[in-house]
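In listed order, ligands and their atoms are each counted from 1. Sequential numbering from 1 along the given sequence is applied to the chain's residues.
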Amino acid sequence: MPQGRGDSGHPNDPDRLRAPVKRTAQGWESISWEEALDTTIARLGDIRDKHGKDAIAAYTGNPSSHNQGLMLFSELLPKLIGTRNRFDAGSIDSWPMQLVCHLMYGHQFLVPVPDIDRTRHMVIVGANPLASNGSMMTAPDVQRRLKNLRERGKLVVIDPRRGETAKVADEHHFIRPGKDPWLLLAMIHILFRDDRIRLRHWQDRVDGLDEVRKIVADITPERAARHCEIEAREIERITRELCEAECAALYGRFGTCAQAFGSISQWAIQLFNLLTGNLDREGGTMIATPAMNLLHQPHVAGSHARFRTRISGLPECAGHLPSVALAEEIMTPGAGQIRALFCVAGNPASSVSGSAQLNRALGQLEFMVALDIYINETSRHAGIILPSCSPLERPHFDVFFHAVSVRNTVRYGEPVFEKPDGVLYDHEVINGLAARWAKRYGLEFHPMTPEAIIDGVLRANGEYPGMTLEEVRKHPHGIDLGALKPALAKRLEQEGRKLDAAPRALLDDVPKLLALPLPNRSELLLIGRRNVRSNNSWMNNFPRLTKGRRHNQLLMHPVDLAARGIADGSDVLVSTETGSVRIAVAACKDMMPGVVSLPHGWGQGGQPGICLQHAVTVPGANFNDLVDTCLHDATSGNAILTGIVVSVERIAR
Ligand SMILES: Nc1nc2c(c(=O)[nH]1)N[C@H]1C(S)=C(S)[C@@H](COP(=O)(O)OP(=O)(O)OC[C@H]3O[C@@H](n4cnc5c(=O)[nH]c(N)nc54)[C@H](O)[C@@H]3O)O[C@H]1N2
Ligand SMILES: Nc1nc2c(c(=O)[nH]1)N[C@H]1C(S)=C(S)[C@@H](COP(=O)(O)OP(=O)(O)OC[C@H]3O[C@@H](n4cnc5c(=O)[nH]c(N)nc54)[C@H](O)[C@@H]3O)O[C@H]1N2
Ligand SMILES: [Mo]
């Protein structure tokens, strides 16, 4: 192994693709950009001509949100093609949150962010910012910020695992996975019961409060406690303390999105902040008003259920379809069947539920093109892979994450390394494809650069006069535009609308939640976790990140291990009706008894065709081999990736 390999990230990774490759009977072959782009469009065009535009699907992965070229360009080709089969990683992540914001506030990016620097009381439900660095809450050095918060007030974490953030909190409560809606709706029940509603500036600006009151009327803390396994008197106290704090913020992320009824959880979180007078208030939760203001873009405001997937009838959200439906849409014959995939910075074969099924589906596509830097679980199925610069070789402007930042900020980061010869930026690859498609179909197309678009949006934002990209570039460490300010009520007023506290799509789902039987306590439930040394599925090829203490075992409480006669450190078989994986188990008193935890994004080893020399040697298992694609949040179609019923067995020697 070369000295220092991987020390500076992707530029040194010997497996990183630097030129386009095509799959041949003899293996992968490097080809020129001309050939790669021409062939890709010829193949996609032929499929479109024969089977129609919906026969080409697009999938956009998570790194797109962290990449200016992809944030601004990944939709370009799918839109030119005109396919409605567009999927994204948001639907295995945050759709419930964005959908709720769209339904309540009218825009999917009107995401209230905890005012972490001023709040006096923060309750975190289903997020672990110390591992994730925050999510839909851009909070650099979150550890220091939480420490300061604790000096001012109190931090409470509600999580089935006593994880990194819970350990630095004042208080932690275990909760039964997937049962947050019970806790959160009971907290709202208490507000109505005890006359604790404080609307402040929202008075007369909210519709639907009566419906909310009615729907929580029977969700008493006692009833909720039997589902979520937090005692009723603790639910009362958590609620009371939030109400009595001078200002408070309730924040929930991945754990409360990718769960059964994730949309109801997210709705209840927004409602709670509203009803305690903390929404749109300093020290509570507020929307960011950054220099790059996506809120001025009405075409990205979001939408819901305007059309549905062909087979299972799952709803679109913001024009995209839920990724849990991708496999069946490829595998089920008939009009509208997907036959080609344009996969952009995504690894659905690892990251989406039902990995085994999706791998089979991807293998049966007529053609797939992957914009990716690696040959991994997903791109190994491609006919052509189009690589791009590594994150350190391109400039970076955070198109999205300033919009959910805990302060208003703007920054343009210059590349750390020079762009290598012959390597293209992601947007250049997409422009090359779009130009060819436009030519083939006689469509109009004018290539742009991310910088031109960003500059245009900065200039159009009247809030920060004189803000241009040139100005931002003069400040390599970024410009701090100040603390968040209340802006949501004003915005709704300008739009002549009220906040919708009781969107029909959410109300309609509550009876389904209430009809659920009490949990079966003998069931073992699987949850995930994140670690600072890995990022979803694609950072496992760096020896420096995978050496030392292993962090991807199955964590299990000693009581659960003993009940099954399993020894700490041994290999176990984790199974569901969908699949099973073999993995080492580690005893962990930080787990809630009855709950086990396995991180996602692992298990490259033993799979044919993956060209990640180091990652394939790292032991691990793919969580999503265990998850059925039929598991989704009914309102949004988001995948359920937590609270999965599993069995864990000793492997006989
Ligand atoms: N069980 C379980 N499943 C989960 C989760 C979980 O917690 N548990 N988390 C979910 C979440 S939150 C998310 S966001 C998804 C992620 O799902 P995906 O976005 O589908 O998967 P990633 O693992 O992030 O893979 C990203 C891909 O992009 C490539 N890539 C990285 N950088 C670049 C770049 O700059 N340009 C290009 N062109 N390609 C690049 C990588 O090589 C990799 O193939 O996974 C979800 N799946
Ligand atoms: N180092 C690192 N950072 C990352 C990522 C990464 O892979 N690695 N991924 C990035 C991405 S794509 C995202 S979306 C963000 C996610 O950011 P976060 O939402 O902060 O992510 P997680 O660390 O997955 O935290 C989810 C927490 O929910 C808990 N949980 C699981 N199920 C339940 C439940 O049913 N109820 C409750 N109350 N809690 C539950 C888990 O134990 C975990 O502590 O992180 C981002 N940052
Ligand atoms: Mo994510």
Test of proximity, [X] against ligand 2: N or O pairs below 3.5 Å:
{"X": "Ile158", "result": "yes"}
{"X": "Asp159", "result": "yes"}
{"X": "Lys179", "result": "no"}
{"X": "Arg176", "result": "no"}
{"X": "Asn531", "result": "yes"}
{"X": "Ile527", "result": "no"}
{"X": "Asn536", "result": "yes"}

Would [X] count as a contact residue for ligand 1, given that I'm defining contact as a non-hydrogen atom of the residue lying under 4.0 Å from a ligand atom?
{"X": "Gly528", "answer": "no"}
{"X": "Pro391", "answer": "no"}
{"X": "Arg530", "answer": "yes"}
{"X": "His66", "answer": "no"}

Taking heavy atoms and a distance under 4.0 Å, where does [X] meet ligand 1: side chain, backbone, both or neither?
{"X": "Asn624", "answer": "side chain"}
{"X": "Ser351", "answer": "both"}
{"X": "Asn67", "answer": "side chain"}

So is [X] polar-close to ligand 1, meaning N/O to N/O under 3.5 Å?
{"X": "Asn535", "answer": "no"}
{"X": "Asp93", "answer": "no"}
{"X": "Leu641", "answer": "no"}

Does atom [atom1] of [X] have more than 12 heavy-atom neighbours from other groups under 6.0 Å away?
{"X": "Glu418", "atom1": "CD", "value": "no"}
{"X": "Gln143", "atom1": "CD", "value": "no"}
{"X": "Arg521", "atom1": "CZ", "value": "no"}

Handout entry: Ser388: numbered ligand 1 atoms lying under 4.0 Å from its heavy atoms
Key =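 Atoms satisfying the 4.0 Å criterion: 36 (N), 37 (C), 38 (N).
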Exercise for the section: May I ask you to list the atoms of ligand 1 that are less than 4.0 angstrom from any heavy atom of Pro348? Expected result: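 That gives atoms 20 (O) of ligand 1.
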Problem - Contact partition for Ala131 relative to ligand 2, non-hydrogen atoms under 4.0 Å - result: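 Backbone only.
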Handout entry: Contact partition for Val532 relative to ligand 2, non-hydrogen atoms under 4.0 Å
Key =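 The answer is the backbone.
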Handout entry: His600 ring center near Phe623 ring center (under 6.0 Å)
Key =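 Not close enough - the centres of the two rings lie 6.0 Å or further apart.
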Could you tell me whether ligand 2 has any atom less than 4.0 Å away from a heavy atom of [X]?
{"X": "Gln259", "answer": "yes"}
{"X": "Gly643", "answer": "no"}
{"X": "Gly163", "answer": "no"}
{"X": "Asn133", "answer": "no"}

Exercise for the section: Run down the list Ser132, Ser597, Ala89 and name the one with the heavy atom closest to atom 20 (O) of ligand 2. Expected result: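 The nearest heavy atom belongs to Ser132.
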Problem - His396 versus Gln68, closest heavy-atom pair with distance - result: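 Closest pair (atom of His396, atom of Gln68, distance): C-OE1, 3.7 Å.
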Handout entry: For Ala345 against Leu70, the heavy-atom pair lying closest together
Key =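 Closest approach of Ala345 to Leu70: CB-CD1, 3.7 Å.
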Exercise for the section: Mind running side-chain hydrogen bond (donor to acceptor under 3.5 Å, both in side chains) on Arg530 and Asn133 for me, showing each step along the way? Expected result: CA-CA 10 Å; Arg530 287 180 155 76; Asn133 207 25; over 6 Å; no
Practice task
List for me each residue that meets ring pair (Phe, Tyr, Trp, His ring centres under 6.0 Å) alongside Phe397, sequence neighbours excluded, and say none if there are none.
Solution key: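 Residues passing ring pair (Phe, Tyr, Trp, His ring centres under 6.0 Å) with Phe397: His402.
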Exercise for the section: Taking ring pair (Phe, Tyr, Trp, His ring centres under 6.0 Å) as the test, write out the residues that go with Phe400, two or more places apart. Expected result: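 Per chain and number, Phe400 pairs via ring pair (Phe, Tyr, Trp, His ring centres under 6.0 Å) with Phe109.
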